[in-house]
> 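What follows is a structure written as structure tokens; I'll ask about it next.
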Amino acid sequence: MNPLLSRLQPYPFERLRQLHADITPNPAYSPISLGIGEPRHATPQLVKDALTDSLAGLASYPATAGEPRLRQAMGHWLERRYGLTLDPATQILPVNGSREALFSLAQTVLDASQPGATVVCPNPFYQIYEGAALLAGAQAWFAPSDPARNFGVDWAAVPEAVWAKTQLVFVCSPGNPTGAVMSLAEWELLFKLSDQYGFVIASDECYSEIYFREEPPLGGLQAADQLGRHDFKNLISLTSLSKRSNVPGLRSGFVAGDAALIKPFLLYRTYHGSAMSPVVQAASIAAWNDEQHVVDNRALYREKFAKVTPLLAEVMDVALPDAGFYLWAAIPDVFQGSDTAFSRELLALYNVVVLPGSYLARDARGFNPGAGRIRMALVAETAECVEAAQRIVHFIQSKVH
Ligand SMILES: Cc1ncc(COP(=O)(O)O)c(C=O)c1O
């Protein structure tokens, strides 16, 4: 067996299942889960139609690079969304969702034969980053997100000795779970460090289309372009349809950026066997070419967050994020920082599932930046999310008074 498998950590939802295993939720309440961040709004009809209209595609093997039409649709979207012109032949590649691409990109760019090969990850973070680093034979170094800076990652806090061994940095903007969007100044710092130390930046942008400010989140490629880095040197951004178009089961996204990275990535993917089904390609073209369903989807999240956030803000430290579909809240002092106790009691008394923040982060240099926080995924319908928020308010009030 691959000995590196034993270095993988249990997934947060596995830990959550164990945490809740002995609890019988209060049967007076219907179950509501704010645990898993799986989109639950309706899949657009145009995507379903494109899928059923293209079943003939099942009869042929797809090319790993995807059909030119698909890469062109992705390129047109980049142009509309970010004002960027990329070459679909050399700078864009379809992937089967951003999860597999985050993983396989790490396998492509990391060189574990170098002593101390390091991947810098945000903390808290999406657990695939760590698994991708470990299975490539590298180690992860966790850079804390800073509540004092709207949960932005403090890249300047990473020691020089760590940067010197760093081959890959994962950026998550908008962040899961924090919702933080990286600013141009933060990108500038990271690009400067990348130039100095030679590491690759993988920018995970799968929540980019769900945002609450007027201005859409700045993308990594857009930041590079604004800073005169027109070749996107050492930068790959990862974009997904899962959240944008409510198709997590389609498994469709793309990577774009530095052609010098896309080329070896395509080679790796050819052997890895990760070509996108022709049927999925057809549905993806329809999804990337339509923006109205994305506007409607965003409006649903905006309405939901506008109703739920003020309710919760009465009893806990929580604010509307920049983007994403999570609330990242600090639990009140009465729980003495135990996000796991909060999650257990809330389920037992009110039948609501929330994810302990400490499960999304690692202890690093003496503290876990997720401890004392919970993540709430507002993916259910508005009425259900409001109901969950009201129960959480009662729960906290009953503890405090
Ligand atoms: C931060 C982050 N990145 C990537 C993914 C993977 O999304 P997909 O593989 O559906 O594109 C998720 C899914 O929840 C996520 O939260």
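Both counts, for ligands and for their atoms, begin at 1 and track the order of listing. On a predicted model such as this, the values are computed, not experimentally measured, just so you know.
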> Could you check atom 12 (C) of ligand 1 against the protein and tell me its nearest heavy-atom contact, residue, atom and distance included?
Lys243 NZ, 3.2 Å
> Under 6.0 Å from the ring centre and within 45 degrees of the ring axis: does the NZ or CZ of Arg229 meet both conditions for the six-membered ring of Phe191?
yes
> Output the list of atoms in ligand 1 that are nearer than 4.0 Å to some heavy atom of Ser242, sorted by atom number.
8 (P), 10 (O), 11 (O)
> How far is atom 1 (C) of ligand 1 from the closest protein heavy atom, and which atom is that?
Asp204 OD2, 3.3 Å
> With a 4.0 Å cut-off on heavy atoms, does Glu38 reach ligand 1?
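Under 4.0 Å: no for Glu38.
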> Begin from the C-alpha positions of Leu360 and Tyr326 and carry the test side chain to side chain contact (heavy atoms under 4.5 Å, CB included) through to its verdict.
CA-CA 13 Å; Leu360 292 166; Tyr326 303 107; over 6 Å; no
> Starting from atom 6 (C) of ligand 1, what is the nearest protein heavy atom, named by residue and atom, and what distance separates them?
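I find the closest protein heavy atom is Tyr126 OH, 3.3 Å.
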> When you check the side-chain N and O atoms of Glu205 and Ser203, is any donor under 3.5 Å from an acceptor?
yes
> Would you say Asp204 and Tyr129 are linked by a side-chain donor-acceptor pair, where the criterion is simply a distance under 3.5 Å?
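Side chains of Tyr129 and Asp204: pair found under 3.5 Å.
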> State the atoms of ligand 1, each with its element, that fall below the 4.0 Å cut-off from a heavy-atom position in Cys172.
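Within the 4.0 Å cut-off of Cys172, ligand 1 contributes 1 (C).
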> Please list, in number order, the atoms of ligand 1 under 4.0 Å from a heavy atom of Arg251.
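This gives 8 (P), 9 (O), 10 (O) as the contact atoms.
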> So for ligand 1, is Ser98 a polar contact partner (N or O within less than 3.5 Å, distance only)?
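Indeed, backbone or side chain, Ser98 has an N or O that close.
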> Consider side chain to side chain donor-acceptor pair (under 3.5 Å). Of Asp363, Asn368, Asp339, Thr340, which one does Ser358 pass it with?
Asp339
> Are any of the N/O atoms on Glu100, whether in the backbone or the side chain, positioned under 3.5 angstrom from an N/O atom of ligand 1?
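No; the residue has no nitrogen or oxygen that sits under 3.5 Å from a nitrogen or oxygen of the ligand.
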> Is a donor from one side chain sitting under 3.5 angstrom from an acceptor on the other, for Asp49 and Gln45?
yes
> For Phe305, which residues count as a ring pair (Phe, Tyr, Trp, His ring centres under 6.0 Å) partner, sequence neighbours excluded?
Phe212
> Counting each atom of ligand 1 from 1 as listed, which ones have a heavy atom of Gly97 under 4.0 Å away?
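In order of number, 9 (O), 11 (O).
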